[in-house]
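This one's a predicted model, so the numbers in the text were calculated from it and none came from an experiment. All ligand and atom numbering here is 1-based and tracks the order in the structure.
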Amino acid sequence: MKPDVLADGVYRVAAKIGSRNLFEGIWPIPDGVMLNSYVVEGSEKRVLVDLVKDWDGALEAVGDQLESLSLGEGDLDYIIINHMEPDHTGAMVEIVNHYPNVEILCSAKAVPLIKHFYKIEKNVRAVSDGETLDLGGKTLKFFMTPNIHWPETMMTFLEEDEILFSCDAFGSFGRYEYCFDDELSAEEKEKLASETERYYANIVSSFSPFVIKGIAKLDGLSIKMVAPSHGVVWRSEPEKIIERYRTLASYMQGPREKEVTVVWSSMYGNTQALLSSIVDGLKSEGIPVHVLRVPQTHESFVLEKVWRSEGLVIGMPTYEYKMFPPMYHVLDILERSHVQGRKTLRFGSFGWSGGAEKQFDEFVTAMKLDYRGVVEYQGSPSEEDKQKAYDLAKALAKDING
Ligand code: FEO
């Protein structure tokens with residue numbers, strides 16, 4: 001890859017991470033992910049904004065691009081660390097060794113993290129909220145935006161070119177052939193939209209109140225480009241990605257989309273035997289329905305759909321007096337991600353003894369679910385069970401549709 005030019009003296013140096021990897025060791029990235037760093041050159045000083053992890057050739061790729069910008073040893077004055085998570089800092093030791101006199105600028109909360117993660121204390125300086133850094137004709141301004149996505153996160157704004165370096169915020173999963181949103185094909189734009197939503201649900205959703213606060217902090221800034229550290233640079237209508245993030249964050253409290261996500265699992269087909277009654281009942285009210293089976297569907301995709309949906313239906317059998325274990329895992333992920341308040345139904349079978357419902361009740365409480373009831377049966381469902389499931393599902397959809 002070659003560096004991409006954002007403005008005179010402003011470049012993206014990026015690496016494309018392949019699809020065989022798991023992001024954070026958990027989340028599938030079937031279309032890969034971008035790690036973006038940025039170079040800003042003033043007439044007097046040069047800066048690298050955010051780093052990469054030495055992952056799938058990223059350090060070499062970014063190193064080559066830095067070299068092509070003639071950023072050799074000694075040619076870098078500052079590294080700005082907007083966020084300490086290792087996808088943006090993993091190669092810090094190598095990069096500091098290459099630029100031994102470089103000064104690292106970060107939030108106060110990042111200073112001890114740098115020490116603990118990388119044993120680096122020399123030439124590390126905390127910047128404060130609103131502080132500026134003059135590079136000679138280019139001025140960087142720092143905005144503390146904690147918890148997007150760790151407590152130490154901040155954003156950096158290049159005043160003259162009106163470019164916001166936002167790190168995780170406004171990011172997306174996926175690798176993209178081009179740097180800017182307006183260069184993508186219609187198909188790539190579609191992928192970008194869905195990979196933005198899945199990235200948000202998987203990585204950022206828990207921190208939604210901070211996203212709303214962070215966006216409020218940017219109010220009044222004239223932003224020409226949003227340059228995150230994952231995904232593309234938002235050049236055409238950058239306000240749209242900010243607005244998209246505001247909407248995704250608003251799903252925590254609601255209102256959410258008038259949709260229902262059905263997450264189901266089955267051992268021998270007896271829980272599955274009620275699925276069509278549920279789906280038919282929902283669809284009879286014309287509501288969009290997402291149907292996902294676990295463990296066949298990774299929780300990454302489940303969380304994406306549940307995050308946006310006002311309605312949730314959980315189908316699972318009892319397994320040894322408790323919930324079916326893959327569904328327990330999915331619900332644990334949903335709870336950690338602060339999925340709350342969904343209008344919810346459950347259905348499921350049991351063999352010689354129930355028990356799933358009792359354990360599910362703990363999630364109902366923890367997730368403050370608006371629980372509308374359960375259709376639970378021994379063995380296979382009766383015609384009455386099917387009718388009850390249809391009626392409950394229809395009532396749920398009708399209520400959501402308002
Ligand atoms: Fe892309 Fe929270 O790191």
Asker: Can an N, O or S atom be found in His88 less than 2.8 Å away from atom 1 (Fe) of ligand 1?
Answerer: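 For His88, the answer is yes, given that an N, O or S atom comes within less than 2.8 Å of atom 1 (Fe) of ligand 1.
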
Asker: With atom 2 (Fe) of ligand 1 as the reference point, give the N/O/S atom of Asp168 that is nearest.
Answerer: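 Per the distance ranking, Asp168 contributes OD2 as its closest N/O/S atom to atom 2 (Fe) of ligand 1.
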
Asker: Is it the case that the ring center of Phe165 lies less than 6.0 angstrom away from the ring center of Phe157?
Answerer: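 Between Phe165 and Phe157, which both carry aromatic rings, the centre distance is not below 6.0 Å.
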
Asker: Are more than 12 heavy atoms from other residues, nucleotides or ligands located less than 6.0 Å from atom CD of Glu60?
Answerer: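 No, not enclosed.
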
Asker: For Asp87, what is the atom name of its N, O or S atom nearest to atom 1 (Fe) of ligand 1?
Answerer: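 Looking at Asp87, the N, O or S atom with the least distance to atom 1 (Fe) of ligand 1 is OD2.
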
Asker: Are Tyr319 and Tyr328 close enough, and set up right, to give a ring pair (Phe, Tyr, Trp, His ring centres under 6.0 Å), and what steps lead you there?
Answerer: CA-CA 11 Å; Tyr319 186 91; Tyr328 181 92; over 10 Å; no

Asker: Would you mind naming the N, O or S atom of His230 nearest to atom 1 (Fe) of ligand 1?
Answerer: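 Output for this pair reads NE2.
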
Asker: Any idea which heavy atoms bring Lys394 and Glu285 closest together, and the distance?
Answerer: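 That closest heavy-atom pairing would be NZ-OE2, 2.9 Å.
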
Asker: Could you measure the distance from the OG1 atom of Thr196 to the NZ atom of Lys189? Nearest 0.5 Å is fine.
Answerer: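 Atom-to-atom, Thr196:OG1 and Lys189:NZ are 13.0 Å apart.
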
Asker: Taking 2.8 Å as the cut-off, does Cys167 contribute an N, O or S atom near atom 1 (Fe) of ligand 1, distance below it?
Answerer: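 Checking atom 1 (Fe) of ligand 1 against Cys167, no N, O or S atom falls under 2.8 Å.
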
Asker: In Glu85, which N, O or S atom comes closest to atom 2 (Fe) of ligand 1?
Answerer: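 Of all N, O or S atoms in Glu85, atom 2 (Fe) of ligand 1 lies closest to OE1.
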
Asker: Out of the N/O/S atoms in His149, what is the name of the one closest to atom 2 (Fe) of ligand 1?
Answerer: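 Of all N, O or S atoms in His149, atom 2 (Fe) of ligand 1 lies closest to ND1.
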
Asker: To the closest 0.5 Å, what do you measure between OG (Ser194) and OH (Tyr199)?
Answerer: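 Those atoms lie 15.0 Å apart.
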
